[in-house]
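Structure, as structure tokens:
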Amino acid sequence: MPKAARAKCVAVSAVVPEKRLTNADLEKMVDTNDEWIVSRTGIKERRIVADGEGLSTLAIPAAQQCLEKAGVSAEDIDGIIVATVTGDYLMPTTANIVQDAIGATKAFAFDLANACNGFVAALSSATAFIESGHSQKILVLGGDIMSSVLNYKDRNTCILFGDGCGAVLVEAGEVDGPGIVDFELHSDGSGAQILSLPCSGSANPPTPEKLANGDHFVFQDGRTVFPHAVRRMAEVSTNLMEKIGITKDDVDILVPHQANLRIIEPTARRMGVSMDKVIINIDKVANTTAGTIPLALADAEERGLLKDGTKVFLVAFGGGFSWGASYLTWGR
Ligand code: UT7
């Protein structure tokens, strides 16, 4: 089917909580140390929300700032997609809460759960809405409040994650103008149990006993996930490069999911992209699940590396397993 339009990413913003949780803080909570965390992951600190704050606490200002940067009014938005696995509630969706708070009165709104690949999946969905001619302007948010599902007595998981949310405004533009060139999405449900929230839905609803046992906390067999992440991040990136006929020279910045510096480095290597083109902020904000890519995009913009015309490659891998990549030229 011929495209009615190309989806353009025209503005980005990100919001993280005030409170910093450093490796030194974690040393007082679990049997860990700064040297282990930095050498195994690249993380130095993460941000954590205050009691009573949820995803919408970050998502609402992220959406407002993004619209302000783009010079677009909330009433002109056709849709809001929030990628998350830790929304304010399962129902209503955080997207609905954002829609009401910012006054996007004509926008449809839904959450999309695809774990760490959530932002790439949500951006790809928005692209499809726009390319089909259905929508003109969609706000795509990605964020998670991982502190709400972390067991701060489990050193295997609590050191890895943080809280944060970002937003990107996607608009319809000329079919042969700048924007999203293509994307790939993949899944392999055989990895479902290796990285999960075991007590979070209808198959195993929470009870007082299960909550007391900590069954609602995130579970990850990190050592088993690791080689899958390395393999799939590299594979989807090189496949997409080949499919659309680009080389490393067509990538100005690589914006990968920030789960582990030791996963990011081999991905860049396989793509032939040098590390000075790779946006890394895992040291400051850790793994914010669906938030990593929009947070890194906002960081790139702040550092002057993301402008109109910048050629951007996005890639992510996470729970499910699900993974994906997207290539685009930034701006209007
Ligand atoms: O974002 C979604 C997708 N997720 C990922 O991509 C994560 C993939 N996995 C990883 O990034 C890594 O596997 C981790 C960072 C989670 C763990 O690193 P690792 O190099 O795979 O360590 P490990 O789990 O093999 O553990 C090595 C050792 C173990 O001790 P022994 O058995 O060798 O004596 C652990 O008990 O390190 C120990 N350990 C720790 N030590 C200090 C585990 N966690 C810690 C800790 N501090 N926090």
Side-chain angles (χ1 to χ4, degrees), residues 21-46 83-86 113-121 142-147 149-164 166 185-198 217-237 255-268 270 280-283 285-296 314-325:
L21 187 67
T22 65
N23 291 350
D25 296 327
L26 285 166
E27 283 179 10
K28 294 177 202 137
M29 297 158 72
V30 285
D31 179 17
T32 192
N33 57 78
D34 179 59
E35 195 279 326
W36 191 97
I37 301 174
V38 174
S39 64
R40 299 279 179 142
T41 69
I43 301 166
K44 292 180 181 158
E45 62 180 38
R46 62 293 287 145
T84 188
V85 288
T86 55
N114 205 222
C116 297
N117 192 47
F119 184 79
V120 175
D144 273 291
I145 305 299
M146 294 305 290
S147 61
V149 290
L150 283 176
N151 179 356
Y152 283 98
K153 291 182 178 151
D154 175 13
R155 70 176 185 174
N156 291 302
T157 51
C158 75
I159 58 125
L160 298 172
F161 297 97
D163 303 339
L185 297 174
H186 298 280
S187 290
D188 174 6
S190 70
Q193 307 309 323
I194 305 170
L195 172 48
S196 66
L197 285 165
F217 292 128
V218 72
F219 167 79
Q220 175 173 242
D221 173 356
R223 202 178 292 192
T224 305
V225 175
F226 189 86
H228 289 278
V230 171
R231 177 177 155 215
R232 297 305 195 180
M233 293 265 287
E235 190 179 81
V236 72
S237 303
V255 183
H257 171 54
Q258 315 272 317
N260 192 325
L261 201 50
R262 294 188 294 129
I263 297 172
I264 294 171
E265 284 164 347
T267 305
R270 276 281 299 281
I280 291 168
N281 64 355
I282 190 171
D283 52 328
V285 288
N287 183 349
T288 54
T289 303
T292 58
I293 288 182
L295 257 58
L314 312 177
V315 58
F317 174 91
F321 300 131
S322 285
W323 62 99

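No hydrogens, no waters, no symmetry mates; every other heavy atom, side chains included, goes into these values. Keep in mind that this is a model prediction, so the values were computed, not measured. Just so you know, ligand 1 is whichever comes first in the structure, and atom 1 is the first atom listed for that ligand.
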- Those residues that, when tested against Val230, pass side chain to side chain contact (heavy atoms under 4.5 Å, CB included) (two or more places apart): Phe226, Ile263, Pro266

- Report the nearest protein non-hydrogen atom to atom 14 (C) of ligand 1: residue, atom name, distance rounded to 0.1 Å. Asn260 ND2, 4.4 Å

- Item | Under 4.0 Å to a heavy atom of Arg262 - the qualifying atoms of ligand 1, by number | 18 (O), 19 (P), 20 (O)

- Item | Sub-4.0 Å atoms of ligand 1 with respect to non-hydrogen atoms of Leu195 | 2 (C), 3 (C)

- Message: Below a 4.0 angstrom heavy-atom separation, can you tell me which part of Ile263, side chain or backbone, both or neither, approaches ligand 1?
- Response: side chain

- Message: Give me the residue, atom name and distance of the protein heavy atom closest to atom 35 (C) of ligand 1.
- Response: Arg155 NH2, 3.8 Å

- Is it the side chain, the backbone, both or neither of Asn287 that has a heavy atom closer than 4.0 Å to ligand 1? side chain

- Task: Check whether any heavy atom of His228 sits under 4.0 Å from an atom of ligand 1.
- Result: no

- By number and element, which atoms of ligand 1 are closer than 4.0 Å to a non-hydrogen atom of Arg40? 19 (P), 20 (O), 22 (O), 27 (C)

- Message: When you compare ligand 1 with Thr41, is there at least one nitrogen or oxygen pair between them that comes in under 3.5 angstrom?
- Response: no

- Query: Based purely on interatomic distance, does Gly222 place a nitrogen or oxygen under 3.5 Å from a nitrogen or oxygen of ligand 1?
  - Reply: yes

- Note on the structure: Numbered in order shown, the ligand 1 atoms found under 4.0 Å of a heavy atom of Arg223 are 13 (O), 23 (P), 24 (O), 25 (O), 26 (O), 27 (C), 29 (C), 32 (O)

- Task: Mind checking whether Trp36 contacts ligand 1 via backbone (N, CA, C, O), side chain (CB onward), both or neither, at a 4.0 Å heavy-atom cut-off?
- Result: side chain

- Note on the structure: ligand 1 to Cys116, heavy atom cutoff 4.0 Å, flagged ligand atoms 1 (O), 2 (C)

- Task: Measure from atom 7 (C) of ligand 1 to every heavy atom in Met233, Gln220, Gln258 and give the option owning the shortest one.
- Result: Gln220

